[in-house]
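First the structure, in the form of structure tokens, and then the observations on it.
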Amino acid sequence: MSPVCFLRTPALPSSTSSRERAVISGCPGNTLVINPNFSAGRARKRKSPFGSEAELQEAALRLLEHHQNLSDLLLEVGDSAKPDVQDGAEHRGVSPESFIVSVLQEQASKLGVPTATLTAKNAVANVERICQGSASPSRVPLLNSDQRKRLSCLLQTVKDLLANNMFCRSLFCQEMWKMKEPPVLEAVWHLHSGGIAGLAELLERSPAGPAAVEWLCSSLCGLCEQAGDMPCGDTELAQRLLSDFAIVFLQNGFEQASELGRKVEFQKVAYICRAVLQRMLAWVLDAVGKEKQEDVSMVQAVRFWLNVFNVSLYGSVAHPDSLRQFFRHTLTEVLTYNPVLKVSDAIQMQKEWSFTRTSPLLTALYRKLLVAFSVKESICQLQQVLETHEVNWQHVLSCVSTLVVCQAEAEQLFKDLLSHLLLKAFGNYDMENMITAFLIARQAALEGPAVFMPYSEWFKASFGNAGGQHGSSKKALVFLFEFLSELVPFEAAPYLKVHIMYPPFVPTKHRSLLLEYITLAKTRLADLKVAIEDMGLYEDLSSTDEAVQPQTQALRDVEKALQIFENTRKIPTSVIEASIFRRPYYISWFLPALLRPRVLPKTPDGLMAFIDSLKRADKIPSNLYSTYLQACHAMNEKVLQDDSKAEPSHSKEPFEQLKAELAELRSLVVDQAQWEEVPARIAVISERLRSVLGDSSEEDGAAPLDSPVQVAVPAPRLAPCHQSVVDLLLTSFCQTLLAASSFNPPDRQGPCLSLVVKMMCGHRNLLPALLGRLCQLIYHQGPSLSAAHILGLAAFVIHLSECRALIPGVEASFGVSQPVPGKALSVSEYWISLLVCRTEESFAFCLRFCTAAAAYLTCKFSSCSYEDFCALIPPGLIKKLQYLVPRLSLEARGVLCEEAKAALSWSSLSCPSLNYRRASLCLWKQARFQELLEEKAFQLSFREWLLMELEVCPEKDILSASERQDFHYWAIYQRYLPAPSAAGGCDGDLEKACGLIIDAILDSSQRLDLGGCGQSKISVSPEILCRLQELVLELRCRPKLLPGCSAAQKHFLFEILRGRLTASQHGSALGEQLWRQQELLLHRRILVGLPASTLITTCWKGNTTVLDCDDFFCFVNSELKNVSSRGYALSYDITAHFFRGLLNASLDCEDAAEGVNEALTKCQTKCPVVLLSAALWWPRLEPVLCSQWKRLFGAPLAEELDRLRSWHGSGTRFLCSGAVFPLCDPSWLSAAFLHSAILQQSPRGRGKEALERLGAEAEQLLVALLFFSLLDLISARIAPKEGVDFQMSLEWSLEILQCLEERGTSWLLLFHSAERGPGQCRVLRSAASDRHTRLLPLAFYSLTPCFHRELLQRDPTFLGVALQLYIQLLQLFVEGQVLPQSDQNPAEHDPLELISAARRFLLGAIPHCPARSFGNTQPLLSTCEELDPELGATLLHFSRPAVDMELEEELELF
């Protein structure tokens, strides 16, 4: 067809005249007929036979009357309207539109019909011809290029006719339905989009609604099915077609209330539109049900139709209420489609309907539909459907999964819904609400704890206490157990285990209901071949996977128990309990899994240590243990290297799948248009991660899910398979962060990273490895990390803190020197505790890490409200920066900080040339950061600052000594001392500052040794101690009290120390004892480090200044004497420190000598251990005191000091020259000096001679000497390295005892309690340490060689004392008190041998005791019979005659 023709000339009949032919040849717009005769290569121009233009037009009209084709005319006219027409009627002054109008009008008048009717019918005929022109064997929804071209011509002509009111739309639509074959869908769309006949208008004229529905649905399905194979241009056209029709369906199918009164025709349109959407939805859902069997093309076709549910498609062309109505209707239809599954089916099959197992088409549909509603509205709609319709449980539960996975707010809303359902269920005893609640709770729990609480936790929370809905009445209990019983035949084993292990709370009187259910549940478990007795120690009851075999579970239990043992060095409680209460499982499964034969390593590993501990605790039968060793030896001989190492290794395929999914996630994060796909992708990653980890056991199911995660900080243990997984996750996180940061700052990166970390936290069995790996990276390898690593890890820990509610506490063990396990840390506290600033390298790393973390936090959550922002911030991070930035930047120590000119950008932190000190200072100066420093929760207190500073290794510090001193002075005197206590300061109170420093020093020293810094655990930081000394000296500059003022206030220093000892709580008695001993050693170290005069205060006595040592004496008597290894004397350092302080403090007295004398005199009664210490150390102490006294006063020594010197001289002369030893009061002090002289000078061979030279009045002195030698005997056993020889002490004690026996002096009062003894014995026992006093029975029974029969006869109290001390010895052993034992030869001083010797002595002595000796043994008889039945029986036997004798004597009185 020529591009310039608008009328195709038909073949002319033979009757056509030559004149007519001439008309045709010259007809405007027709192809020029060329004469075949040529002359000289040129065409000869034909002469027109018509005389005028009017004559020509008349001839043309006559011709058309005989040969016209209106259908072709419409096509030709449309085509002629193109702008490239270069010939035709326009050049002859004739308009094509007017020409065709005149033709149509004349034809219509001849036919007697309206012109518009004629036009409409001819247009329909043209459409039908065009649609039938396809050469395709089957009807297709789109036109080919030729059809589109012809249709375009037709539409242009029709538009022109419409403009001239010569086209009837309604008739056209009506005629369209009379076509033999329905039109092609694209043709209808062109009519719709071209404004000629809208789809709604066309549907309005349809004679049969069902036929229209059938045509539309088949056409739309065909369009969707071919969408994947179309050329790009056709695909875009198909998308526009679908969009336009979807809008029509929505606008007409879901009209507003104001439009409901429209005429019947439009109600037909609404019906058709709804029916089409309904049929297409059914097509989608049928395809979903067959998705696994269908080919890829079907899936693509359905996905193409799902574009109809894009909210953005409708924009402003649809009313929002109509759109919501459409989506609400569709959601209801999905949830109620084909409800053939029963509740019993849902119970059994619902684990197959989790998010990752549900058809992607269905989850895609849900996610598109749910966009139109808030989460609350979606759940309300779900609830309404459940209450009013019969539902498809698969669709309902998969919708629940989609909601909890893709909507973070859904968790709490579902919890509220479950509470509401339970309330209604128990209110009306309605089984439907009950089953709905259980199905929803289980379905949500399937998605893991990262998105919803485990089923076991929900069941416990709902029914595990008396406050549950079931606890209101017996009827409610019966209802609950009837419901649970009805579920039993369909239940899977994991749910039955939950119900048995965490049963509902039942009052005692209704216990039978629970027992009946448990019996039924166990029967069901037996049918499933699952024994509750074979349940693992650490089996996850929240998992819904199929029950694992006992062998497999036992292997997992062993791995978990070994991990706990290696972290705590203790047998796990669950293993001990299983060995007692679950013995069948323990013996049949756990021990065989533990004792699998293997080639034993040369160096004992953790498994060997664990097995050895169980063997020593008698938890492994001897025969089983010997069989294990034999098998190991046999395996070693055969060298079956790998057969014994049946460690399950993770499959490479799931690992690679996980890696691929993480890479796919990274591509989604950088494209904001795909962020809505992120939750679904993360759910898939979670499923892949579960496969890689081997199972879904995320934590100890039998124990609480919040049981703490244990991490051994010095050497975290990671299984190789777990480490590779954690490394992959962390690497992917860092790569994803860097990729996202290259496009957007953190606040515009979407929720992906938060969701990834939340997903990781949901895998409980991954947490130990994850936290252990963080420990390796931050604590051990931090300074070697690159900038990218630091940025990634900093962002990771921020998101980890964001998910802190999902992570149980962390028990971080910092080494064997940690006295007792610390409290469980939150995850934020844990990772901050790994940021330890000790060396130059660690300071640089911590500054970079904290700056990156704070910058990420500030940027990521910049849109949060101030309250929400503060709630997200780990306080430890801000505190760490408050310590680091001023320490490393002088500018940050200024009183006022100027606002940073430019905010610290996240992108700048990845710059290799970044100066982190400048970056941290920029962060510090930002107004928002300074605002945080005003919040109490984020303020670094003086105590916290001290603890951080005390961790620094001075020789490896990033600051020089002078820089560090400047920093200390600034921090103490400028920052914290004047600051109010509300801001972590001291309120200007020096005593408070001193107290905080002492507390911090003690707490820091009680921690572990400072990781390779070479500092002893009982050392004190010299620089901080210097600051403390300065503050204490400044305290002494305060004005003294005036005479007459009360001096009742306590010494602040001893108040601080006593307060710490009183407030201590360290678990076991042994732990408390060890902590207390360590603490007191530190107390002594601090006291010695302070100015000596600090120990003593002055007060007024009348108008005289006197020395007040009462607080020091009290502290010595109650605490300090107990850390002395000598038992009756303090260490030299604190003794000398006290006496130096006494002399210095006496300067404040009017008479220094009198003040010293009065203090030492008071010491004899209030604190004799100080004087006994002076006696022991006098050879070292004398030159120091004499020199100091001379330096201070230049006068003779004070009288009491001189007496001490004379006593020492007397003892020396007595031993060396044979002079008489003067007996002075108090005799115990004379004895102490003599004992000291004997220890230092006298050969033991001459000791007996010296004793014989003592006068007859020296009995009390000898008794005191015996006491000191017995304490030395004990000291030699408990502290052999102190230089006291046990054998020599024993010999010396026996010599003194023999001397006393020869003189007939009683000495047994030394072993009475201090309250019962006379003056000297009370003083001596009060001076002894508590441990030495408890061990006096050991000393007593070391003297048995000197216990002769005469002693038994002479002293009737001997048997009672001996028996009481024997009972005390037994009690020490029974209570687990550590009895001293020789390090060199354990058998030499075996405690059991000593007890046996004591027992033999008593059994031999009792028959020889006089009758009167049994009179005071009656109160001890019952205890003796309990501890030693044989000895008790012997005592009872020989005590009866004494009782009878007493009765006879009483009878003789009458």
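- Expressed to the nearest 0.5 Å, how far OG of S667 lies from CG of L665 amounts to 7.5 Å.
- If you take OG1 on T402 and CD on Q407, they are separated by 10.0 Å, rounding to the nearest 0.5 Å.
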Worksheet item: Given the rule in the side-chain contact (heavy atoms from CB on, under 4.5 Å) test, do L365 and L281 qualify, once you have shown the distances and angles that lead to the verdict?
Response: CA-CA 10 Å; L365 174 59; L281 181 62; 4.1 Å; yes
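- The six-membered or imidazole ring of F796 lies near that of F733, with a centre-to-centre distance under 6.0 Å.
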Fill in: side-chain contact (heavy atoms from CB on, under 4.5 Å) evaluation trace for L361 with V284
CA-CA 8 Å; L361 294 176; V284 169; 5.7 Å; no
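- Side-chain contact between P751 and V678 is absent, with no heavy atoms from C-beta onward closer than 4.5 Å.
- For K424 and E387, the salt-bridge test passes: some basic side-chain N is under 4.0 Å from an acidic carboxylate O.
- Not a single donor-acceptor pair under 3.5 Å links the side chain of S732 to the backbone N or O of L728.
- Of all the heavy atoms in V404 and A410, the pair that sits closest is CA-CB, 4.0 Å.
- Side-chain contact between I518 and H499 is absent, with no heavy-atom pair separated by less than 4.5 Å.
- A perpendicular orientation is assigned to the rings of F327 and F373, their planes being inclined by more than 60° (bins at 30° and 60°).
- A 6.0 Å sphere centred on CD of E432 holds no more than 12 heavy atoms belonging to other residues, nucleotides or ligands.
- Between the side chains of H389 and T332, no donor-acceptor pair of N or O atoms lies under 3.5 Å.
- Under the 4.0 Å criterion applied to side-chain N and carboxylate O atoms, D727 and R773 are assigned as salt-bridge partners.
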Fill in: Derivation of the ring pair (Phe, Tyr, Trp, His ring centres under 6.0 Å) call for F505 and F463
CA-CA 6 Å; F505 172 82; F463 307 108; over 10 Å; no
Discussion item. With side-chain contact (heavy atoms from CB on, under 4.5 Å) as the criterion, how do L771 and V827 come out once you've worked through the C-alpha distance, each side chain's angles and the decisive distance to 0.1 Å?
Written reply: CA-CA 9 Å; L771 298 178; V827 71; 4.2 Å; yes
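- Under the 4.5 Å side-chain criterion, counting only non-hydrogen atoms from C-beta, E687 is not in contact with F355.
- The distance from the CG atom of L422 to the CG atom of D430 is 11.5 Å, given to the nearest 0.5 Å.
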Practice prompt. Would you sort out whether R442 and E491 count as a salt bridge (charged side-chain N to carboxylate O under 4.0 Å, His left out), showing the intermediate values?
Written response: CA-CA 12 Å; R442 292 179 180 186; E491 288 278 43; 2.7 Å; yes
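- Closest of all the heavy-atom pairs between L403 and S378 is CD2-CB, 4.0 Å.
- Considering only heavy atoms from C-beta on, Y517 stays 4.5 Å or farther from V506 through its side chain.
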Discussion item. Working note: Y502 + F459, criterion ring pair (Phe, Tyr, Trp, His ring centres under 6.0 Å); need CA distance, chi angles, decisive distance, verdict.
Written reply: CA-CA 8 Å; Y502 305 119; F459 190 80; 8.5 Å; no
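- Considering all non-hydrogen atoms of both residues, S588 and P592 come closest at O-CG, 3.3 Å.
- Aromatic ring centroids of F438 and W458 lie under 6.0 Å apart.
- For the pair T436 and I440, the minimum side-chain heavy-atom distance is below 4.5 Å.
- In this structure, CG on L513 lies 7.0 Å from NE2 on H510, to the nearest 0.5 angstrom.
- Here the straight-line distance linking atom CG of L689 with atom CG of L729 works out to 5.5 Å at 0.5 Å rounding.
- A side-chain donor-acceptor contact under 3.5 Å links R524 to the backbone of V488.
- Side-chain contact between W393 and Q350: absent, with no pair of heavy atoms (C-beta onward) separated by less than 4.5 Å.
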Discussion item. The test is side chain to side chain donor-acceptor pair (under 3.5 Å); show your working for T336 and E390 and say whether it passes.
Written reply: CA-CA 6 Å; T336 58; E390 187 178 0; over 6 Å; no
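- Ion pairing of K376 with E409 is absent here, as no side-chain N (NZ or NE/NH1/NH2) approaches a carboxylate O to less than 4.0 Å.
- In this structure, the side chain of N392 engages the main chain of Y337 through a donor-acceptor pair within 3.5 Å.
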Practice prompt. I would like to know whether Q394 and E352 meet side-chain contact (heavy atoms from CB on, under 4.5 Å); could you show each step before the answer?
Written response: CA-CA 9 Å; Q394 179 180 2; E352 300 297 328; over 6 Å; no
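- Summarising the geometry of G772 relative to L718, their closest heavy-atom pair is C-CD1, 3.9 Å, with the distance given to 0.1 Å.
- Within the 4.5 Å cutoff, side-chain heavy atoms of R303 are placed close to those of P360.
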Worksheet item: Going through the distances and angles, do E661 and R681 end up as a salt bridge (charged side-chain N to carboxylate O under 4.0 Å, His left out)?
Response: CA-CA 8 Å; E661 293 292 348; R681 180 64 56 184; 2.7 Å; yes
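- Each of S354, S401, S398 was checked for a side-chain hydrogen bond (donor to acceptor under 3.5 Å, both in side chains) with Q443, and the lone residue meeting it is S401.
- In this structure, CE in M759 is found 10.0 Å from CZ in R690, a value given to the nearest 0.5 Å.
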Item to complete: Take R328 and E377, measure what salt bridge (charged side-chain N to carboxylate O under 4.0 Å, His left out) needs, and give me the verdict at the end.
Response: CA-CA 10 Å; R328 186 178 293 110; E377 289 173 332; 5.9 Å; no
Worksheet entry | Stepwise salt bridge (charged side-chain N to carboxylate O under 4.0 Å, His left out) check, K659 with E664 | CA-CA 9 Å; K659 191 173 182 180; E664 181 66 23; over 6 Å; no
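- In this structure, T358 and W353 approach most closely via the heavy-atom pair OG1-O, 3.0 Å.
- Minimum heavy-atom separation, L418 to A437: CD2-O, 3.2 Å.
- Counting heavy atoms from C-beta on, the side chains of R688 and P654 never come closer than 4.5 Å.
- With hydrogens and angles ignored, the 3.5 Å screen pairs no side-chain donor or acceptor of D286 with any backbone N or O of W283.
- Without hydrogens or angle criteria, Y366 side chain to H395 main chain gives a donor-acceptor distance under 3.5 Å.
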